[in-house]
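Below is one structure, written out as C-alpha cells; the observations come after it.
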Amino acid sequence: MTALAETFISALRRLESERDADTIAGLFAEDVSLSNPLVSYEAGGAAAARRFWSQYRAAFEEISSEFRTVKETDGVTFLEWRSRGTLAGEAFDYGGVSVLEGADGKIASFRTYFDSAQLPRARAPLTHPAGDAAPTARPDIAPTGKNKGGDALDRAQREAAEQRAEGGYS
C-alpha cells in the first residue's frame, strides 16, 4: 500500500471516529477535484475538501469503513471499501470504490462511486458559509420544478432521495 493511501485511510478513520475533518482536508492539493454520486467540487482546495468531508461525516450518526482491496498503478490508487453505521436511526451497510490521484505528495483528485440506494434517506446538508467553495450538482441529476433555489447539494440530495423512493439509482 502506498504512503498516500495509508495516510488517507488513517485520516478517514479519524474523521469517522472523532469527526476531525481538518486532518483529511490537509491531504488534498489546492487544485483538487472531489466527487461522489451527489456532488462535485472542481476547485476550492483544502476548503472544498473540508466541506466535502464535513458533510460526509455529518450525514451519519455512526460510520466505520473497512478497506478490502487497495491497489496502486501509475500514481492512481483504487480503494474498495465497505462502510457500516447508522443514518437517520437506521443501520446501513454499503460498499463502493474510491479513486485517489496523487501529485507531489497530495491528493489531486478524489472520486468515489457507490449505489446511494443502499443507504437510508439522507439528512439535509450543511449550508456553506460565505467564501467557502460551493459544490456543483451532478450533471446527471437534473433539478425538478419542486427543488428550484437553495443549495446545489440540497437539491441534488433531494433528487437522489426522490429517485430512491421511486426505486431508481441516484
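Counting begins at 1 with the first residue of the sequence. Quick caveat, the model's predicted, so the values are computed rather than measured.
For the ring pair (Phe, Tyr, Trp, His ring centres under 6.0 Å) condition, the pairs that include at least one residue of residues 85-110, sequence neighbours left out, are Phe8-Phe110, Phe52-Phe110, Trp53-Phe110, Phe60-Phe92, Trp81-Tyr94, Phe92-Tyr94, Tyr94-Phe114. Sorted by first and then second residue, the salt bridge (Lys or Arg N to Asp or Glu O under 4.0 Å) pairs with a member in residues 101-111 read Glu101-Arg111; sequence neighbours excluded. Listed by first then second residue, pairs satisfying salt bridge (Lys or Arg N to Asp or Glu O under 4.0 Å) with a partner in residues 62-73 read Glu66-Arg84, not counting sequence neighbours.
Remark: Leu4 CG to Leu27 CG distance equals 7.0 Å, nearest 0.5 Å. To the nearest 0.5 Å, the span separating CD on Glu18 from CZ on Arg57 amounts to 11.0 Å. To the nearest 0.5 Å, atoms CD1 (Ile63) and CZ (Arg19) are separated by 10.5 Å.
Under 3.5 Å, the side chains of Gln118 and Ser116 contain no donor-acceptor pair of N or O atoms.
For the pairing with Tyr56, the side-chain contact (heavy atoms from CB on, under 4.5 Å) check across Ile24, Leu12, Asn36, Leu34 returns one residue only, Leu12.
Under the 4.5 Å side-chain criterion, counting only non-hydrogen atoms from C-beta, Thr2 is not in contact with Val70. Side chains of Asp93 and Arg82 form a contact here, defined as non-hydrogen atoms less than 4.5 Å apart. Side chains of Val97 and Leu79 form no contact here, defined as non-hydrogen atoms less than 4.5 Å apart.
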Please report the C-alpha distance between Leu100 and Val76 in whole Å, then the side-chain angles of each, then the deciding distance to 0.1 Å, and finally whether the side chain to side chain contact (heavy atoms under 4.5 Å, CB included) criterion is met. CA-CA 6 Å; Leu100 306 174; Val76 178; over 6 Å; no
Test side-chain hydrogen bond (donor to acceptor under 3.5 Å, both in side chains) applied to Ser40 and Ser35, step by step: CA-CA 4 Å; Ser40 176; Ser35 66; 5.0 Å; no
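Considering all non-hydrogen atoms of both residues, Ser98 and Thr112 come closest at OG-OG1, 2.7 Å. Here the closest heavy-atom approach between residue Ala48 and residue Ala43 is recorded as CB-O, 3.4 Å. What you find for Ala59 and Leu87 is that their closest heavy atoms are O-CD1, 2.5 Å. What you find for Ala5 and Thr77 is that their closest heavy atoms are CB-CG2, 3.9 Å.
For Ala25, the side chain to side chain contact (heavy atoms under 4.5 Å, CB included) partners at least two apart in sequence or on another chain are Ala49, Arg50. Applying the side chain to side chain donor-acceptor pair (under 3.5 Å) test to Thr23 and every residue at least two apart in sequence or in another chain returns Asp20. Scanning for side chain to side chain donor-acceptor pair (under 3.5 Å) contacts around Ser65 gives Glu16, Ser83, with sequence neighbours left out.
Looking at Ser10, its side chain never comes within 3.5 Å of a backbone N or O of Glu6 through a donor-acceptor pair.
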